[in-house]
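Structure first, commentary second.
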2 protein chains.
Amino acid sequence: MARSTRESILTAAAELMRRRGYAGVAMKDIADASGAPIGSLYHHFRGGKAQIAREALANAGAAYGLLIPAVVDAYTDLGEAVQAIFDQAADDMEGTAFANMCPVGSVAAEVADTVEELRQTAGAVFEGWIAGGTAYFVARGVDERRARDLTTAVIGGLEGAFLLARTLRSVEPLRAAGRVLAPQYRGMALAAPVPEPAAAPS
Amino acid sequence: MARSTRESILTAAAELMRRRGYAGVAMKDIADASGAPIGSLYHHFRGGKAQIAREALANAGAAYGLLIPAVVDAYTDLGEAVQAIFDQAADDMEGTAFANMCPVGSVAAEVADTVEELRQTAGAVFEGWIAGGTAYFVARGVDERRARDLTTAVIGGLEGAFLLARTLRSVEPLRAAGRVLAPQYRGMALAAPVPEPAAAPS
DNA sequence: GTCTATAGAGGGATAGAC
DNA sequence: GTCTATCCCTCTATAGAC
């Protein structure tokens, strides 16, 4: 769990924002959920609410960027892998009362035209996901252009399906996206996964 | 243009909310943009801000639900039609400074877990789009199950690609989604479009 | 039906004791 | 580094004159 006050604030903020977005979360809510008083929030984050959101998004973005490779690692057929990504997302969502999986999508929709600072942070996260996913598929033998389009479409497809699923309270949009996207990649072999270099412990 | 005060309020609200979401738009903003004073907003909409959003979403939802059939009407090949949907969306977005195309997606992300009343309205709009799109493709000779999955995936793909495009300020996600989704439908013929029964003028 | 003034609640942020 | 009290602003909504 989060040990320092600073970490517990970021964890609480990410958890609240993935459900309620940016404007829907008050500093008092973050204080209550993290156990820290309001003053501590401003002590650790001079930049206030926007800075907390920035760091929470960056943290969550880094963590969630590892999920697609983690799921795909187990597969040798690209079509089955794509199907698995969406099925896994559907299963997860059913276990979380249809909360968004991660705060980046929830917040990005809200701030893309209003809080330039956060738009840039969310944009950097999306770019990192696309670059990371593309590099991963290339390492497993997929052609670069195909890898980039596939990664972009999968991430966009996931975000859109999450939006429909949360709004309709049904995982059907996630399953439908998998059924539509997967077939055309069926039969395309994936090379053996390259083991991740262990990240340096902070 | 909007003639009555009531209509101009709804038009202004839809335009503001597609850019800034629900919480990001204040009643004063709607008053200023529509030209009506605050008091008139509550005179015409007893239910306050939530009622304005509800009606604005329902109006916009009905209007935007006609767009996909309108684009697809011109095509006889399903693959080309799917490509055209995403290319058209990309072209439109470039002309609007990357605003979301319609307010439903912007608002839905924000209210899915917070304002139950609006979640239901947005959900009804999405359901209407899926049902309408499915019926349209079925009328043009597509198998029912395929039509439903295709429609769901296209709508989800559009919403997700809009989110990425707005956040990254680039239409590439829309073009990539088209490039990924279209090929598998190439060669599938569409039957001649059925002319729409003219809507009764209000 | 139009418009102004204001109530009442809640937001982000700060000061300063401990 | 922790915590409380409080400031000031903005928000939704209402009252009531015109």
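Small disclaimer: the values here were computed from a predicted structure and weren't measured. Residue numbering restarts at 1 for every chain, and letters A, B, ... go by the order of the sequence lines.
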| Segment of DNA chain C, first to last nucleotide, that comes within the 4.0 Å heavy-atom reach of chain B | dG1(C) to dT4(C)

| message | Is it the case that over 12 heavy atoms from other parts of the model lie below 6.0 angstrom from the CD atom of Glu144(B)? | response | no

| Thinking salt bridges, do Glu110(B) and Arg20(B) make one under a 4.0 Å N-O criterion? | no

| request: Taking all non-hydrogen atoms of both residues into account, name the closest pair between Ile38(B) and Ala31(B) and its distance. | output: N-CB, 4.0 Å

| query | Counting only N and O atoms by type, is there a donor-acceptor contact under 3.5 Å from the side chain of Ser40(B) to the main-chain atoms of His43(B)? | reply | no

| message | Taking side chain to side chain contact (heavy atoms under 4.5 Å, CB included) as the criterion, tell me which of Leu158(A), Asp92(A), Thr96(A) meets it with Met101(A). | response | Asp92(A)

| task | Using modelled atom types only, decide if a donor and an acceptor are shared between the side chain of Ser106(B) and the backbone of Gly21(B) within a distance under 3.5 Å. | result | no

| Taking the six-membered ring of Tyr22(A), is NZ or CZ of Lys49(A) closer than 6.0 Å to its centre and within 45° of its axis? | yes

| note | Sorted by number, residues from residues 13-35 of chain B placing a heavy atom under 4.0 Å from DNA chain C are none

| query | Are any non-hydrogen side-chain atoms of Leu174(B) and Met93(B) less than 4.5 angstrom apart? | reply | yes

| message | Is it the case that the side chain of Tyr136(B) and the backbone of Asp73(B) share a donor-acceptor pair, with hydrogens and angles ignored and the cut-off at 3.5 Å? | response | yes

| With Tyr185(B), the side chain to side chain contact (heavy atoms under 4.5 Å, CB included) member among Gln83(B), Arg146(B), Glu80(B) | Arg146(B)

| Contacting residues from residues 38-52 of chain A, given that a heavy atom lies under 4.0 angstrom of DNA chain C | Ile38(A), Tyr42(A), Gly48(A), Lys49(A)

